[in-house]
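Remember, predicted model here, so these are calculated numbers, not experimental data.
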Amino acid sequence: MKVGVRDISRKTGFSPATVSNALNHKRGVSKETADIILKAAHELGYQRQGRLNRIQFVIARGTGRILDESAFHPVVIEGVEREAKKHDLSTTYVTLDLPNPASKAQIREMCQDPTGAIILLGTEMWEDDYEPFYNSAAPLVIVDGWCSRQFMDSIVISNESSAYNAVCHLIEKGHTRIGYLHGNPQIRNFPLRYRGFETAMAEHGLAVNKKYQLDVGTTLSTAFADVNVWLDEGHDLPTAFFADNDVLAVGAIQALAKHGVRVPEDVSLIGFDDLNFASISNPPLTTIRVPKQEIGELAVRRIIGQTSGEIGYTTVTHISTTFVERESVADIRS
């Protein structure tokens, strides 16, 4: 016999409206009440209406200037597909143009269908962009992004601590004049990486010198062009740069080479992401590896946890990274 909301209502004594809100993880239900309802639903064998049959990987584009250049999300998608197959779920793909007002209707349609879970790529999203996803009836997990105003399952990179450890590595190699390559446009990850940079410098008693910092475009061509202009202007060079990501770092390496500046003999560089081209740049780039495929797999497992009815809370999971030492950092200790 099919178990419905009213059956759970009779078992628990809570109103059907409260039961429905708890089953859909909506606001206004206390944790204690939700736990009772979810436990009863599990005991009765309740299944949400419309059995989950697919994962929708949603690429939310803001400017597109980060996503279009990055090889980050294709590897995340590989992890999603692999884990989804284990649960007999198909994977579909949706691209949202966030600045387009029509995207809100597209989002509303997705969120009303509980048979299609949403894994939302939040790389280019800002806080207000999450509002159309509030109270989604479809299971939802954000990857590479987070919502501060609502409780939503999220998987984020450990940006600050990863950058902190990378800058500490530069300092251990004798670098005290360390510059920063800021991506333009910014995404929410970048200020957290800069905060890790600032913390490492402060803890070692080193000054953060703005003259060694510059904003550069987030494609290889624009990063190269912006660093090239900066070098043409005759600025003093630091002994090392930390870059918001690998694209900026490799673009800078190319511009430095054009000006006869050797990496790492004259200037060292560290990137972030460990994209495919990082290992074949000249020289191979020291960087921070993000477990991209594992992020995709974990997102699907979180979806499965939501739909089981056994989990009545959300989590923000910080994924650790791995420091990858190659040949773009020189040891200048005397």
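Transitive grouping of hydrophobic side chains (ILVMFWY, heavy atoms separated by less than 4.5 Å) keeps Val141 and Tyr134 in distinct clusters. In the hydrophobic clustering of ILVMFWY residues, with side-chain heavy atoms under 4.5 Å counting as a link, Leu98 and Ile59 come out apart.
Remark: Asp246 engages no residue in a salt bridge (Lys or Arg N to Asp or Glu O under 4.0 Å) (not counting sequence neighbours). With sequence neighbours left out, the ring-ring contact (aromatic ring centres under 6.0 Å, His included) criterion links Tyr194 to Tyr180, His182, Phe197. Residues satisfying the salt bridge (Lys or Arg N to Asp or Glu O under 4.0 Å) test with Lys85, not counting sequence neighbours, are none.
When every heavy atom of Thr63 is checked against every heavy atom of Pro185, the shortest pair comes out as OG1-CG, 3.9 Å. Nearest approach of Gly251 to Ala223, heavy atoms of both residues: CA-CB, 4.1 Å. Listed here is the closest heavy atom pair of Ser162 and Thr321: OG-OG1, 2.6 Å. Summarising the geometry of Phe272 relative to Ala163, their closest heavy-atom pair is CE1-N, 4.3 Å, with the distance given to 0.1 Å. Here the closest heavy-atom approach between residue Ala200 and residue Ile171 is recorded as O-CD1, 3.9 Å. The nearest pair of heavy atoms linking Phe242 to Ala166 is CE1-CB, 3.7 Å.
At a threshold of 4.5 Å between non-hydrogen side-chain atoms, the residues Asp144 and Ile295 do not count as touching. Side-chain contact between His169 and Asn165 is absent, with no heavy atoms from C-beta onward closer than 4.5 Å. With a 4.5 Å cut-off on side-chain heavy atoms, Phe133 and Ile107 count as touching. Between Leu214 and Val227 the shortest side-chain heavy-atom distance falls below 4.5 Å. Looking at heavy atoms from C-beta onward, Leu170 lies out of side-chain contact with His204 at the 4.5 angstrom threshold. Contact of the Val263 side chain with the Phe241 side chain is not registered, since no non-hydrogen atoms from C-beta on lie closer than 4.5 Å. A 4.5 Å side-chain heavy-atom check between Ile142 and Met125 finds every atom pair outside the cut-off.
At a threshold of 4.0 Å, the pair Asp274-Arg326 counts as salt-bridged, since one of the basic side-chain nitrogens sits closer than that to a carboxylate oxygen. Of the charged side-chain nitrogens involved, none lies within less than 4.0 Å of a carboxylate oxygen, so that Glu198 and Arg195 do not count as a salt-bridged pair. Look at Glu127 and Arg188 and you find a salt bridge, because one of the NZ, NE, NH1 or NH2 atoms lies within 4.0 Å of a carboxylate O, short of that distance. Salt bridge annotation for Asp35-Lys31: present, with a cationic side-chain nitrogen under 4.0 angstrom from a carboxylate oxygen.
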Handout entry: Ser103 and Asp97: CA distance, side-chain angles, deciding distance, side chain to side chain donor-acceptor pair (under 3.5 Å) verdict
Key = CA-CA 6 Å; Ser103 67; Asp97 183 14; over 6 Å; no

Problem - Asn189 and Asn159: CA distance, side-chain angles, deciding distance, side chain to side chain donor-acceptor pair (under 3.5 Å) verdict - result: CA-CA 6 Å; Asn189 287 336; Asn159 290 290; 3.0 Å; yes

Problem - Pair Lys258-Asp232, salt bridge (charged side-chain N to carboxylate O under 4.0 Å, His left out): steps then yes or no - result: CA-CA 11 Å; Lys258 180 182 177 183; Asp232 282 341; 6.0 Å; no

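In summary, of the residues considered (Asn184, Asp226, Leu181), a side-chain contact (heavy atoms from CB on, under 4.5 Å) with Asp215 occurs for Asn184 alone.
Around atom CG of Asn209, more than 12 heavy atoms belonging to other residues, nucleotides or ligands sit under 6.0 Å away.
Distance check, rounded to the nearest 0.5 Å: CG of Leu248 to CD1 of Ile253 gives 11.5 Å.
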